[in-house]
*Asks:* 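Shown below is the structure under consideration.
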Amino acid sequence: MRDNFSVQRLGKNVGGYHGETVEIRTILGEIGRMAAEKNWTVDRIPGPVEFIACRREVPSPGRRVYISTGMHGDEPGGPLAALELLREDLWPADAALWLCPCLNPSGFALNRRENSGGIDLNRDYRHLQSAEVRAHVEWLGRQPDFDLALCLHEDWESAGFYLYELNPDHCPTLAERIIAEVAGVCPVDRSAVIEGRPAQEGIIRPVINPMERPQWPEAVYLIARNKARQSYTFEAPSDFPIPVRVAALVAAVRTAIGLRGAAGGEIR
Ligand SMILES: [Zn+2]
């Protein structure tokens, strides 16, 4: 699909995210209600910050897909995309799904990347210093291993959508197909270097050795613990209108699970 150049950057994000914010409790209430309505199981783990996860079980799953978002409280596109995906509830029939719609509720209340204690949760998966990540990791320990993990984020500085692929076992890549579908709804950052890493057409393939990294993001934790050996971290550009970012994240998820990005039909 060709790049969609009809959407323009807003120019609001000077020094940080200055776009729309969301009332996260309302969104999570809606997600919980909708998930229950569509016969998903909703896990609620009480704690200093309630942890919510939704599961869609199928009789004999062909694959297990894990989706998480809301890790950074200044990235509202992710939880909104989770809500949209649940509202549509279009999934391949054989896919069992696990959805964590907001890993950092206290950060959203402050429109801040970190949690209310100032911890960047996406650097806390090695040492587990935050209650949020501890609750998340305990919950993950009770779930089966996943075939595919999708982590939905936003980047306030980015000129377009991009993604990270972690694929140490060299499974067939989904990256180019995802970028091609997203390009139909949102500009793609095609810079040669993104976030200091070499990139190609919106795709970053970092070579990682978890044991050499003092801090682990969620995606590195999933690989290091063999919880998911193929993962994609999506970064929507948050200096664009929020419907564009949500559409980009939704298209990326749909494509990754084998649905057509914009139309939603199954790819065969
Ligand atoms: Zn993020």
Side-chain angles (χ1 to χ4, degrees), residues 12-13 15-22 24 27-28 49 51-53 66-85 99-126 129-130 132-133 136-137 140 149-166 175 178 182 186 188-189 191 194-197 199 202-204 206 208 213 215-223 228 231-240 242 244-253 256:
K12 281 187 188 172
N13 288 356
Y17 177 64
H18 295 291
E20 296 95 328
T21 56
V22 290
I24 198 69
I27 291 180
L28 288 177
V49 181
F51 171 81
I52 296 173
Y66 165 78
I67 303 167
S68 78
T69 191
M71 175 75 81
H72 293 132
D74 56 352
E75 300 176 8
L80 289 172
L83 178 60
E84 180 61 22
L85 286 160
L99 172 67
C100 295
C102 182
L103 297 171
N104 180 12
S106 76
F108 276 89
L110 302 167
N111 185 33
R112 180 165 96 173
R113 177 179 174 91
E114 298 84 5
N115 73 353
S116 60
I119 297 176
D120 183 342
L121 301 184
N122 211 26
R123 300 290 179 270
D124 193 34
Y125 281 79
R126 183 158 195 179
Q129 291 174 319
S130 62
E132 291 91 335
V133 174
H136 183 210
V137 164
L140 280 169
L150 308 174
C151 304
L152 281 52
H153 285 256
E154 297 197 284
D155 182 341
W156 65 267
E157 293 174 287
S158 168
F161 181 95
Y162 63 93
L163 63 80
Y164 295 88
E165 179 183 62
L166 296 182
I178 293 168
V182 169
C186 176
V188 169
D189 186 343
S191 317
I194 301 175
E195 292 286 300
R197 293 179 183 276
I203 299 164
I204 305 172
I208 56 152
R213 292 177 66 134
Q215 296 177 315
W216 287 356
E218 179 190 19
V220 171
Y221 165 87
L222 292 167
I223 297 282
S231 82
Y232 294 87
T233 297
F234 301 139
E235 298 280 355
S238 68
D239 205 14
F240 284 80
I242 201 143
V244 173
R245 294 136 56 187
V246 172
L249 292 169
V250 167
V253 171

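Each ligand, and each atom within it, is numbered from 1 in the order the structure gives.
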*Asks:* Taking the inter-plane angle between the rings of Tyr232 and Phe234 on a 0 to 90° scale, is it parallel (under 30°), tilted (30 to 60°) or perpendicular (over 60°)?
*Replies:* parallel
*Asks:* Would Ser130 and Asn115 count as a side-chain hydrogen bond (donor to acceptor under 3.5 Å, both in side chains) here? Give the steps.
*Replies:* CA-CA 9 Å; Ser130 62; Asn115 73 353; 4.9 Å; no
*Asks:* Take Ser68 and Glu218 through the test side-chain hydrogen bond (donor to acceptor under 3.5 Å, both in side chains) and record every step on the way to the result.
*Replies:* CA-CA 9 Å; Ser68 78; Glu218 179 190 19; 2.8 Å; yes
*Asks:* Might you point out which heavy atoms bring Cys102 and Leu28 nearest each other, and give the distance in Å?
*Replies:* CB-CD2, 3.7 Å
*Asks:* Between Asp239 and Lys12, is the side chain to side chain contact (heavy atoms under 4.5 Å, CB included) condition met? List the steps.
*Replies:* CA-CA 6 Å; Asp239 205 14; Lys12 281 187 188 172; 3.9 Å; yes
*Asks:* Using a strict cut-off of 2.8 Å, how many protein N/O/S atoms surround the Zn ion (ligand 1)?
*Replies:* 4
*Asks:* Of the non-hydrogen atoms in Phe108 and Glu75, which two are nearest, and what is the gap between them?
*Replies:* CZ-O, 3.6 Å
